[in-house]
Structures are given as structure tokens and as C-alpha cells.
Amino acid sequence: QVQLVESGGGLVQAGGSLRLSCAASGRTFSRYTMGWFRQAPGKEREFVIAISWSGVSTDYADSVKGRFTISRDNAKNTVYLQMNSLKPEDTAVYYCAASGFLSVPRRPELYEYWGQGTQVTVSS
């Protein structure tokens with residue numbers, strides 16, 4: 001089992017920045033691909049960004065390229081999501097997830113473990 005706890009969400013004005021953290025406990029964190037997903041009210045959960053277990057490979061949704069960055073610190077069992085130039089359409093609950101796949105999957109069903117989510121609200 002892997003337990004994931006997100007933090008760092010909040011209210012920010014458009015153009016601002018936030019950094020989300022996801023702390024993992026349980027099985028070896030460094031073996032998992034880590035991803036961030038988000039879900040806005042009335043919408044399906046969507047892929048945002050992910051990073052391989054080694055940190056070498058990353059994948060980004062087109063909507064966040066150039067604005068969001070993912071990183072991980074395997075010594076601290078933590079993955080980070082740096083969000084810059086935030087837009088009102090980035091408003092959602094953000095979820096951290098862990099996948100045993102060696103690739104960097106976008107499909108949420110390929111992620112075995114999920115955090116409880118953290119709210120990000122971007123005001124215009």
C-alpha cells in the first residue's frame with residue numbers, strides 16, 4: 001500500500017503561482033511513476049502531468065505545458081507540482097496518484113493509489 005497526502009492548495013489570483021506537494025508513505029516511493037490529475041465541478045478527472053520513477057521522463061497535458069512543472073525528491077518521498085501563470089480554468093481539485101507502470105501513463109485507471117485531493121481556486 002502507498003498512502004498519498006497532498007498539500008499546498010488554496011486561492012490565488014490569475015497569473016499567480018502555487019506549489020503543490022504530495023507526501024508518500026508505505027511501499028518504496030521511488031519505484032512508482034507519480035502523476036497529478038485534476039477534476040473541476042461537473043467535469044471528468046483529467047490528466048495534468050506525470051514523472052517517471054527516475055525523474056528522467058515527464059509528460060504534460062497541452063493545457064499546462066510551459067506553465068506547470070513536476071519534480072520529485074525520492075529521498076523525501078515527495079512529488080511537487082509547480083504551477084505558474086495560473087488561469088481561472090485551472091480551478092479544480094488536484095489529485096496526486098502513483099502508478100507501478102514504468103512508462104508515464106495518462107489514463108487514471110493505470111494509477112493504483114490516490115490522495116484525497118487539494119482544492120486550487122484561481123480568481124479572475
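In what follows, residues are counted from 1 in the order of the sequence shown.
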* Quick one: list whatever passes side-chain contact (heavy atoms from CB on, under 4.5 Å) with T58, sequence neighbours left out. => I51, Y60, I70
Looking only at heavy atoms, which two atoms of [X] and [Y] are closest? And how far apart?
| X | Y | answer |
| --- | --- | --- |
| T78 | S21 | CG2-CB, 4.3 Å |
| S57 | V104 | CB-CG2, 3.8 Å |
| Q116 | L4 | OE1-O, 3.7 Å |
| G100 | E112 | N-OE1, 3.0 Å |
| V79 | C96 | CG1-SG, 3.9 Å |
| M83 | V120 | CE-CG2, 3.9 Å |

* Asked: Going only through I, L, V, M, F, W and Y residues with side-chain contacts under 4.5 Å, is there a path from Y94 to L18?
  -> yes
* Single-linkage hydrophobic cluster W36~F68, side-chain heavy atoms < 4.5 angstrom -> yes
* Structure fact -> d(S99 OG, M34 CE) to nearest 0.5 Å is 9.5 Å
* Starting at NZ of K76, measure out to CZ of F29 and round the result to the nearest 0.5 Å. => 12.0 Å
* **Intermediate values then yes/no, salt bridge (charged side-chain N to carboxylate O under 4.0 Å, His left out), D90 and K87** => CA-CA 5 Å; D90 294 319; K87 304 175 181 180; over 6 Å; no
* So F37 and F47, would you call those rings parallel, tilted or perpendicular, with 30° and 60° as cut-offs? -> perpendicular
* Under 3.5 Å, side chain of E6 to main-chain N/O of C22, donor-acceptor pair present? -> no
* Taking side-chain hydrogen bond (donor to acceptor under 3.5 Å, both in side chains) as the test, write out the residues that go with Y111, two or more places apart. => none
* Asked: Do the non-hydrogen side-chain atoms of Q3 and V5 ever get within less than 4.5 Å of each other?
  -> no
* Applying salt bridge (charged side-chain N to carboxylate O under 4.0 Å, His left out), which residue pairs with at least one partner in residues 42-52 are found, sequence neighbours left out? -> R38-E46
